[in-house]
*Asks:* 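Starting off with a structure, shown below.
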Amino acid sequence: MTLLAITIYIAILFSIGFLSYRKTQTASDFIIGGRGLNYWLTAMAAHASDMSSWLFMGFPAVIFTGGLFNAWFAIGLTLFMFLNWLFIAPRIRIKTEEYNSMTFSSFFESRFHDTSGMIRIFTAIISFVFYTIYISAGIVGLGILMETLFGIPYLIAISLGILVVIPYLFIGGYTTLAWIDLFQGLFLILVIVVVPTAIFPHVGGIGGVKEALQSHHLSFSLIPNTNPSTFWNILFSLCGWGIGYFGQPHIVTKFMGIKKVTHIKKSMSIGMCWQVIALGSATAIGLIAVPYFAQGISNPELVFVQMVKETFPPLIMAFILCGILGATISTMDSQILVLASSLTEDFYKRIFHKN
C-alpha cells in the first residue's frame, strides 16, 4: 500500500511536469517562468518551497521536546515572511525586470554597477556553498522518511530520493516547479490539518495535552515567566530563523516570476493564510505528541510519522506520509534550480561564454 501510494504520488508530479513542459521555451522561462505566473502559483511556489520535511519532522520535534514556548520560532517565521512580501517582493520584482536580471547575483551586479564581476561571482559562490548544506539537510529528511517507510538502507534511500528529485526539475524548470508547488501546497495543508484534528480527541483534548506537558515539565505558555533570559530567548527565536527569509534566493526569486506587481498583495494574502494554518497545525502536532508518546520516543523527529502509521489505514497512511516526501521535494528542487541558474548565468555565461 505504501509503495502504491508513493508511486501514484510521484506519477502525479511527473504528469504535471510534462504538461507544463511546453510552456518552457527560453532561459527566462526555465529560470523565472518568463515573469508570467499568476498570484496563486506565486503564493504556493514561495511558501511550499519554503516548508520542507522540517514542517512535519523538525518543527514538531522542537515543540515536542520544548513545549509551546518554542512556537515563537513559528511566530518569527510568519512575521518575517509577511515583511518579506510587504517590502522585498514588489521591489525585487520591479528592479529585476528593469535590470533584466534572472538571478540574485546578476541583480546585485546591476544594482551596484559592478563592472568587475566580483559581486556576481562572490554572491554566487556564497549561494553554492550554503545551499549545498541546505540541500543536504533535505536529503537527510528524505532518507530518514524512506528508510522508516520501507526499511531500506539509508544510503539507498537518499539515492532513490535524488533520482526522483532531479529528473522532473529538468523537465520544465521554474514553471513546472510552480505548478507542482501549487498541487503540493494544497495537499500539504490538507494533510497537516487532518492529522492533528483526527488524533486530538484520542489524547484527552486540551486537558490531556496540558496535563502531559506539566508532567514532562514543559511549557504550555508562550511566556512562561518574566525573567530577562526568557525575553532574550523570545527575541532570538523570533529573529534567528525568520530574518533569513530576506536573503533566501529560492524564496525571493519566486517574487520575480509573478506576472504583475499589482498581484503581489493577492499572492501575499493567499500565502500568509497558508503559512499560518501550516505552522499552527505543525505546532498542534508537536503538542499532541507529548501525551501520545507519554513514554517517550527514540527519535523525536518521527513523532508525526509514527502517529500517522499507528492511526490511519495503510493506504491513507501512505498518502499522508507522501506529504513529507512532497514537502522535501518542493524545497530541494527550488534550491537546485537556484544553483543551476547560478551556474549557467553567473559562471558559464559571465566567465566562459559571455556572448
*Asks:* Determine, using ring centers only, whether Tyr9 and Phe319 are less than 6.0 Å apart.
*Replies:*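 No, the ring centres sit 6.0 Å or more apart.
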*Asks:* Could you measure the distance from the OG atom of Ser221 to the CG atom of Leu68? Nearest 0.5 Å is fine.
*Replies:*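 Those atoms lie 7.0 Å apart.
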*Asks:* Any chain of hydrophobic side-chain contacts (each under 4.5 Å) joining Leu235 to Trp241?
*Replies:*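 No.
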*Asks:* Are more than 12 heavy atoms from other residues, nucleotides or ligands located less than 6.0 Å from atom CZ of Phe183?
*Replies:*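 Result for CZ/Phe183: enclosed.
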*Asks:* Roughly how far apart are Ile243 CD1 and Phe236 CZ, rounded to 0.5 Å?
*Replies:*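 Ile243 CD1 to Phe236 CZ: 11.5 Å, rounded to 0.5 Å.
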*Asks:* How far apart are the C-alpha atoms of Arg120 and Ser106, what are their side-chain angles, what is the distance that settles it, and do they pass the side-chain contact (heavy atoms from CB on, under 4.5 Å) test?
*Replies:* CA-CA 6 Å; Arg120 186 170 185 164; Ser106 62; 3.5 Å; yes
*Asks:* Would you compute the distance between atom CD1 of Ile139 and atom CD1 of Ile162 and round it to the nearest 0.5 angstrom?
*Replies:*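 Ile139 CD1 to Ile162 CD1: 4.0 Å, rounded to 0.5 Å.
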*Asks:* Compare every heavy atom of Pro60 with every heavy atom of Ile285, then report the nearest pair and how far apart it is.
*Replies:*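 In this case the closest contact between Ile285 and Pro60 is CG2-CB, 4.0 Å.
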*Asks:* For the residue pair His250 and Tyr131, categorise the inter-ring angle as parallel (less than 30°), tilted (30 to 60°) or perpendicular (more than 60°).
*Replies:*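 Ring orientation, 0 to 90° scale: perpendicular.
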*Asks:* Minimum heavy-atom separation for Leu337 and Leu177, please, with both atom names.
*Replies:*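 Closest heavy-atom pair between Leu337 and Leu177: CD2-CD1, 3.8 Å.
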*Asks:* Less than 3.5 Å apart, any donor N or O on the side chain of Lys95 or Ser101 sitting next to an acceptor on the other?
*Replies:*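 No donor-acceptor contact under 3.5 Å links the two side chains.
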*Asks:* Which atoms form the tightest heavy-atom contact between Ala48 and Trp274, and what is the distance?
*Replies:*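 Scanning both residues, the minimum pair turns out to be CA-CH2, 4.3 Å.
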*Asks:* For the residue pair Phe80 and Phe246, does the interplanar ring angle fall in the parallel (under 30°), tilted (30 to 60°) or perpendicular (over 60°) class?
*Replies:*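 Perpendicular: the ring planes of Phe80 and Phe246 meet at over 60°.
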*Asks:* Going by the rule side-chain hydrogen bond (donor to acceptor under 3.5 Å, both in side chains), which residues pair with Asp50 if we only count those two or more places apart in sequence or in a different chain?
*Replies:*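 If we apply the side-chain hydrogen bond (donor to acceptor under 3.5 Å, both in side chains) test to Asp50, skipping adjacent residues, the hits are Tyr245.
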*Asks:* What pair of heavy atoms forms the shortest contact from Thr123 to Ser105, and how long is it?
*Replies:*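 What the structure gives for the nearest pair is OG1-OG, 2.9 Å.
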*Asks:* May I have the step-by-step check of side-chain contact (heavy atoms from CB on, under 4.5 Å) for His263 and Thr42, ending in yes or no?
*Replies:* CA-CA 10 Å; His263 288 172; Thr42 302; over 6 Å; no
*Asks:* Check the pair Lys265 / Tyr39 against side-chain contact (heavy atoms from CB on, under 4.5 Å), numbers first and verdict last.
*Replies:* CA-CA 9 Å; Lys265 286 188 177 180; Tyr39 56 87; over 6 Å; no
*Asks:* Is it true that Trp40 and Trp179 have ring centroids separated by less than 6.0 Å?
*Replies:*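 They do not qualify: ring centres at least 6.0 Å apart.
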*Asks:* Is Phe304 reachable from Phe312 through a run of I, L, V, M, F, W or Y residues, each pair having side-chain heavy atoms under 4.5 Å apart?
*Replies:*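 Cluster IDs for Phe312 and Phe304 match.
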*Asks:* Report the C-alpha distance between Leu186 and Leu182 in whole Å, list the side-chain angles of each, state the deciding distance to 0.1 Å, and finish with yes or no for side-chain contact (heavy atoms from CB on, under 4.5 Å).
*Replies:* CA-CA 6 Å; Leu186 297 174; Leu182 176 62; 4.3 Å; yes
*Asks:* Would a single hydrophobic cluster contain both Val129 and Ile119, if residues Ile, Leu, Val, Met, Phe, Trp and Tyr are joined by side-chain heavy-atom contacts under 4.5 Å?
*Replies:*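 Yes, same cluster.
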*Asks:* Do the ring planes of Phe107 and Tyr99 sit parallel (below 30°), tilted (30 to 60°) or perpendicular (above 60°)?
*Replies:*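 Answer is tilted, since the angle falls between 30° and 60°.
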*Asks:* Could you tell me the separation between the CD1 atom of Ile135 and the OG atom of Ser334, rounded to the nearest 0.5 Å?
*Replies:*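 These two atoms lie 10.0 Å from each other.
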*Asks:* Please check if the distance between the ring centroids of Phe255 and Trp85 is under 6.0 Å.
*Replies:*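 Ring centres of Trp85 and Phe255 closer than 6.0 Å.
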*Asks:* In Å, rounded to the nearest 0.5 Å, how long is the span from OG of Ser110 to CG of Asn100?
*Replies:*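 Those atoms lie 8.5 Å apart.
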*Asks:* Between Ser229 and Asn227, is there a side-chain donor-acceptor contact under 3.5 Å, judged purely by atom types and distance?
*Replies:*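 Result is no, nothing qualifies.
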*Asks:* Can you establish whether the number of heavy atoms outside Phe122 located under 6.0 Å from its atom CZ is more than 12?
*Replies:*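 Result for CZ/Phe122: open.
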*Asks:* Please work out whether the ring planes of Phe108 and Phe104 are parallel, tilted or perpendicular, with thresholds of 30° and 60°.
*Replies:*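 Rings of Phe108 and Phe104: tilted, as their planes differ by 30° to 60°.
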*Asks:* Nearest 0.5 Å, what's the OG1-CZ distance between Thr253 and Arg93?
*Replies:*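 Answer rounded to 0.5 Å: 13.0 Å.
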*Asks:* Is the closest side-chain donor-acceptor distance between Tyr292 and Glu310 under 3.5 Å?
*Replies:*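 Yes, a side-chain donor-acceptor pair sits under 3.5 Å.
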*Asks:* Show the nearest heavy-atom pair for residues Ala178 and Leu37, with the distance to one decimal.
*Replies:*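 Of all heavy-atom pairs spanning Ala178 and Leu37, the closest is CB-CD2, 3.3 Å.
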*Asks:* Work out which heavy atom in Leu222 is nearest to a heavy atom in Trp72; give both atom names and the distance.
*Replies:*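 Closest approach of Leu222 to Trp72: O-NE1, 2.6 Å.
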*Asks:* Taking everything shown except Glu147 itself, do over 12 heavy atoms lie less than 6.0 Å from its CD?
*Replies:*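 Counting neighbours around CD of Glu147, more than 12 heavy atoms of other residues, nucleotides or ligands fall under 6.0 Å, so yes.
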*Asks:* Hey, quick one: are Leu86 and Leu238 part of the same hydrophobic cluster, counting side-chain heavy atoms closer than 4.5 Å, chains of contacts allowed?
*Replies:*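 As far as the 4.5 Å side-chain criterion goes, Leu238 and Leu86 are connected within one cluster.
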